[in-house]
Amino acid sequence: MRLRRSSARASAPGKVVLFGEHFVIYNNPAILAAIKRRVNVSVHVNDTASITINSDLGLVGSLKDSRFKVLKGTTEAKTILAPLCECARRVLSERGCNLGLDIELVSNLPESVGLGSSAACCVAITAAVDSLFHNPDRYWISAKAAESERLIHKDSSGADCNISTFGGLMYFIKSKGFKKIHSKKELSLGLINTGKKHSTANLVSSVKEFKDNNRFSFKVLAILSKNISQKAYVAIKEGDEKMLGNLMNQNQVLLQEIGVSDKKIDGLVDKCLANGAWGAKLTGAGGGGSIIVLIPPNEYSLKIFFHGVGKNMWSGESIPVKVDYNGVLVA
Ligand code: PMV
C-alpha cells in the first residue's frame, strides 16, 4: 500500500474494569469503561529503516533487522518498548512496507497500575502507523492492537484494546466480542492509584494456578462473577447506582477469593466505604494497582469522600474520573 502522508498522530484512552477482571480470560463477561486519560503518539517516517520509540518515561529504544536496542534507560526500556516497536513493525508489514519510523510517546496514564496503559499504547501506535496509509478501520485497529498486546501479556482477554479503541462503556465476552452499554446516568466514579505497580502477566498466572488447584471453587466463583456482570449490565442501563455499588462490593469479595487483592487494597476499599462510597473494588489485575469507587453524585458526598479518603494519604492519588466516549482518535 502507498504512503499517503509522512507523519501522523493518534491518541487512545485508558480504562477501568468495573466488573469481571480475571474471570474474563475464562470467557466470562466483564464490564469496562474507557477513562479520560490518554496515551498520545506521533509518528514520523524516516529513512533509517529502524523503528525508534522515545517515551516520556525517559526511555528510548530502537528496532532494526529484528534486533531491539536500548538507547536510553535500563532493561525496563526493553520490557516496555520492544513490544511497542514490534507493534509498529507489524502494521508496516501488514501494509507491505519496510519503512523506518520515529515514534514519540506521551502518556498521562500511569503504567502497571491496572489502567490499561499498554493496551492504549498498542491501540494508539497501531492507529497512528496505519493512518500513514489510509483511514484506519476501528475493528482492525482493535484486533491488531490486541495481537501486539499479547506480546506483553500472552493470555490477554483483548478487552483492554477493545475499550481503548471504541471508548464508552461495554459488556465484553472474549469469544463473542462486545456490546456498548448506554448508561442512563453519568457514573460518578473515583479512582485511587495505590502507587504499587503490578505485573499483569504474573497475576494472571497466579489466578491460573489458583484455578488449577481449586477447580470446583473457581467454577463457582466464575458463575458468581458472571451473574454479577449480568446484573451490573442491567443496573447501568437502568441507572440503579446503589445496586451497582453493591455489585462492585460483591465483585471485590470474589477478587479477594482468587488472591489478587491485598491488605493495602482491602484497607482502601474499607476506607472508601466508610467515607460514603456506594461501592469500591480493585480494577484490573490487582496486586496493588488501582481501585475504582462509585460515589453518590451530590456535591456534599463527593466533598466528604475526597476529603475523607484524601489525596495524598497514600503513595497514590484519589481523583474523580470521567468516562471517555471517543475511544481512539487519529489526527
Ligand atoms: O491490570 P490490567 O490493566 O493489565 O488489566 C488486566 C485485566 C485482566 O482481566 C486481569 C486481564 C485481561 O487480559 O483481561
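Numbering of residues begins at 1 and proceeds along the displayed sequence.
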Enquirer: Any side-chain donor paired with an acceptor under 3.5 Å for Asn27 and Ser175?
Expert: yes
Enquirer: Are Asn202 and His198 linked by a side-chain donor-acceptor pair shorter than 3.5 Å?
Expert: no
Enquirer: With rounding to the nearest 0.5 angstrom, report the CD to CE distance, Gln252 to Met248.
Expert: 9.5 Å
Enquirer: When you measure from the side chain of Arg37 to the backbone of Asn108, do you find a donor-acceptor pair of N or O atoms at a distance under 3.5 Å?
Expert: yes
Enquirer: Where is the tightest heavy-atom contact between Ala124 and Val41, given as atom of each residue plus distance?
Expert: CB-CG2, 3.7 Å
Enquirer: Between Arg150 and Asp155, is the salt bridge (Lys or Arg N to Asp or Glu O under 4.0 Å) condition met? List the steps.
Expert: CA-CA 7 Å; Arg150 290 198 177 96; Asp155 295 314; over 6 Å; no
Enquirer: Thinking salt bridges, do Lys15 and Asp160 make one under a 4.0 Å N-O criterion?
Expert: yes
Enquirer: Does a side-chain heavy-atom distance below 4.5 Å link Ile192 with Cys272?
Expert: yes
Enquirer: For a quick test of reading the model, state the closest non-hydrogen atom pair linking Ser6 to Leu132 and the distance between them.
Expert: C-CD2, 3.9 Å
Enquirer: Quick one: list whatever passes side chain to side chain contact (heavy atoms under 4.5 Å, CB included) with Asp212, sequence neighbours left out.
Expert: Lys208, Arg215
Enquirer: Distance-only, no hydrogens or angles: does the Asp324 side chain make a donor-acceptor pair with backbone N or O of Gly167 under 3.5 Å?
Expert: no
Enquirer: Do Lys281 and Glu21 meet the salt-bridge criterion of a basic N to acidic O distance under 4.0 Å?
Expert: yes
Enquirer: Using atom types as modelled and distance alone, determine if a side-chain donor or acceptor of Asn275 lies under 3.5 Å from a backbone N or O of Lys271.
Expert: yes
Enquirer: When you compare the side chains of Ser11 and Arg38, does any donor N or O come within less than 3.5 Å of an acceptor on the partner?
Expert: yes
Enquirer: Looking at Tyr233, I'd like to know if the NZ or CZ of Lys179 sits under 6.0 Å from its six-membered ring centre while staying within 45 degrees of the ring's axis.
Expert: yes
Enquirer: Ignoring hydrogens and geometry beyond distance, is a side-chain donor-acceptor pair present between Ser118 and Glu111 at under 3.5 Å?
Expert: no
Enquirer: How far apart are the closest heavy atoms of Val17 and Ile292, and which atoms are they?
Expert: O-CG2, 4.1 Å
Enquirer: Shortest non-hydrogen contact from Ser42 to Arg9?
Expert: CB-CG, 3.5 Å
Enquirer: Just how far is it from atom CG of Leu244 to atom CG of Leu187, taken to the nearest 0.5 Å?
Expert: 6.5 Å
Enquirer: Only one of Asp130, Ile51, Leu84 forms a side chain to side chain contact (heavy atoms under 4.5 Å, CB included) with Ile125, so which one is it?
Expert: Leu84
Enquirer: Could you give all pairs that pass the salt bridge (charged side-chain N to carboxylate O under 4.0 Å, His left out) test and reach residues 134-148, with sequence neighbours left out?
Expert: Glu94-Lys144, Lys144-Glu147
Enquirer: Listed by chain and number, what are the side chain to side chain donor-acceptor pair (under 3.5 Å) partners of Asn249, not counting sequence neighbours?
Expert: none
Enquirer: Mind checking side chain to side chain donor-acceptor pair (under 3.5 Å) for Gln230 and listing every partner two or more places apart, or none if nothing turns up?
Expert: none
Enquirer: Under 6.0 Å between ring centres: does that hold for Phe166 and Tyr139?
Expert: yes
Enquirer: Measure the spacing between CG of Leu81 and CG of Leu105 and express it to the nearest 0.5 Å.
Expert: 7.5 Å
Enquirer: List the residues meeting side chain to side chain donor-acceptor pair (under 3.5 Å) with Gln256, not counting sequence neighbours, and say none if there are none.
Expert: Asp266
Enquirer: Quick check: do Leu273 and Val269 have side-chain heavy atoms less than 4.5 Å from each other?
Expert: yes
Enquirer: Is there side-chain contact between Val293 and Leu189, with at least one heavy-atom pair below 4.5 Å?
Expert: no
Enquirer: Quick one: pull up OG in Ser225 and CD in Glu257 and give me the separation to the nearest 0.5 Å.
Expert: 12.5 Å
Enquirer: Check side chain to side chain contact (heavy atoms under 4.5 Å, CB included) between Glu86 and all other residues, then give those that pass, not counting sequence neighbours.
Expert: Leu63, Arg89, Arg90, Leu151
